[in-house]
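Written out below as structure tokens is the structure these notes cover.
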Amino acid sequence: MLYYIKKYPISLLVILVVIYLSFFYPPSIGGIQIPHLDKLVHFCMYFGVSAMLWLEFLCSHQWPLPAARAWIGACLCPILFSGAVEILQEYATDYRGGEWMDFAANSLGALTASLLAWYIVAPWFGRKYRGQAAQS
């Protein structure tokens, strides 16, 4: 456990913030109604979780990357985690309800961050790594 705390400290902090945001009693914002704002918030929360996991994974692992571990840890785990949170919101709280569309927004956020990380950020890290290896 200490290994993960040392290797992924910011990711764990972001996950704790998501847990807090998922279970605190939300305040009323008055008469302001923004359609689907909660879905955007769900997308952003899990985009942030997945993006931070990818970033810390890319920074802490040697190249070539273990791709399967990366996709499981930074994409599949946040999606499964979001499903568990939605189930807990539905059955463990009186003031929150789990929704399929929230789960879809969570999954889309994690998947979007993963695709961006794999196809844009990881190649950049790879070039940086190959450049350092050539200089050595």
Side-chain angles (χ1 to χ4, degrees):
M1 183 65 176
L2 190 58
Y3 168 82
Y4 292 109
I5 293 172
K6 286 182 179 180
K7 219 148 189 107
Y8 301 101
I10 300 170
S11 296
L12 293 173
L13 182 65
V14 170
I15 290 169
L16 290 175
V17 169
V18 167
I19 290 171
Y20 174 75
L21 291 174
S22 297
F23 292 105
F24 84 110
Y25 190 80
S28 172
I29 57 173
I32 300 171
Q33 294 295 325
I34 301 171
H36 307 297
L37 177 64
D38 65 325
K39 305 307 180 249
L40 179 63
V41 170
H42 280 266
F43 177 89
C44 291
M45 285 192 314
Y46 285 92
F47 182 91
V49 168
S50 186
M52 190 52 59
L53 284 166
W54 272 105
L55 189 60
E56 288 187 329
F57 181 85
L58 291 170
C59 288
S60 65
H61 284 80
Q62 295 296 320
W63 290 77
L65 287 175
R69 283 181 45 202
W71 279 93
I72 289 170
C75 185
L76 183 62
C77 286
I79 291 171
L80 294 174
F81 173 72
S82 76
V85 167
E86 291 299 324
I87 290 170
L88 283 171
Q89 283 180 336
E90 179 67 29
Y91 295 109
T93 66
D94 295 332
Y95 51 90
R96 288 290 184 111
E99 296 180 24
W100 282 106
M101 290 307 291
D102 288 349
F103 178 68
N106 300 342
S107 300
L108 189 61
L111 186 61
T112 302
S114 295
L115 289 172
L116 289 173
W118 187 252
Y119 289 109
I120 295 174
V121 179
W124 180 78
F125 268 86
R127 281 193 298 273
K128 182 178 171 187
Y129 170 75
R130 286 189 292 273
Q132 289 174 350
Q135 292 175 357
S136 298

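- Checked against side chain to side chain contact (heavy atoms under 4.5 Å, CB included), Ile72 has the following partners two or more places apart in sequence or in another chain: Cys77.
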Stepwise side-chain contact (heavy atoms from CB on, under 4.5 Å) test for Ile15 and Tyr8 = CA-CA 11 Å; Ile15 290 169; Tyr8 301 101; over 6 Å; no
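- Interatomic distance, CZ of Phe23 versus OH of Tyr95, reported as 8.0 Å (0.5 Å rounding).
- Cluster membership check: Val49 does not share its hydrophobic cluster with Leu80, using side-chain heavy-atom separations under 4.5 Å among Ile, Leu, Val, Met, Phe, Trp and Tyr.
- Checked against side chain to side chain contact (heavy atoms under 4.5 Å, CB included), Leu116 has the following partners two or more places apart in sequence or in another chain: Phe47, Thr112, Ile120.
- Residues Val14 and Val41 share a hydrophobic cluster, clusters being chains of Ile/Leu/Val/Met/Phe/Trp/Tyr side chains in contact below 4.5 Å.
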Could you go through the side-chain contact (heavy atoms from CB on, under 4.5 Å) check for Glu86 and His42 one step at a time?
-> CA-CA 11 Å; Glu86 291 299 324; His42 280 266; 3.3 Å; yes
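- Within the structure, side-chain hydrogen bond (donor to acceptor under 3.5 Å, both in side chains) pairs that include any residue of residues 46-59 comprise Ser11-Glu56, Ser50-Ser114, Trp54-Ser114 (at least two apart or interchain).
- Note that CG of Leu53 and CD1 of Ile10 are 11.0 Å apart. Values are rounded to the nearest 0.5 Å.
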Stepwise side-chain contact (heavy atoms from CB on, under 4.5 Å) check, Ile87 with Tyr91 | CA-CA 6 Å; Ile87 290 170; Tyr91 295 109; 3.9 Å; yes
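- Linking ILVMFWY residues whenever their side-chain heavy atoms come closer than 4.5 Å, directly or via other members, leaves Leu76 and Trp118 in distinct clusters.
- A single hydrophobic cluster is not seen to contain both Tyr20 and Leu13; linkage of ILVMFWY side chains at heavy-atom distances under 4.5 Å, directly or through other members, places them apart.
- Considering every non-hydrogen atom in both Asp102 and Gly97, the closest pair reads OD2-O, 4.4 Å.
- For Glu90, the side-chain hydrogen bond (donor to acceptor under 3.5 Å, both in side chains) criterion is met by no residue, not counting sequence neighbours.
- Nearest approach of Leu12 to Ile5, heavy atoms of both residues: CD1-CA, 3.6 Å.
- Geometric assessment of Arg96 against the ring of Tyr25 yields a negative cation-pi assignment under the 6.0 Å and 45° thresholds.
- Between atom NZ of residue Lys39 and atom CG of residue Asn106 there is a gap of 9.5 Å, rounded to the nearest 0.5 Å.
- Remark: Leu115 pairs with Trp71, Leu111, Tyr119 by the side chain to side chain contact (heavy atoms under 4.5 Å, CB included) rule, at least two apart or across chains.
- Its side chain within the 4.5 Å cluster rule, Phe103 clusters with Ile79, Trp100 among the Ile, Leu, Val, Met, Phe, Trp and Tyr residues.
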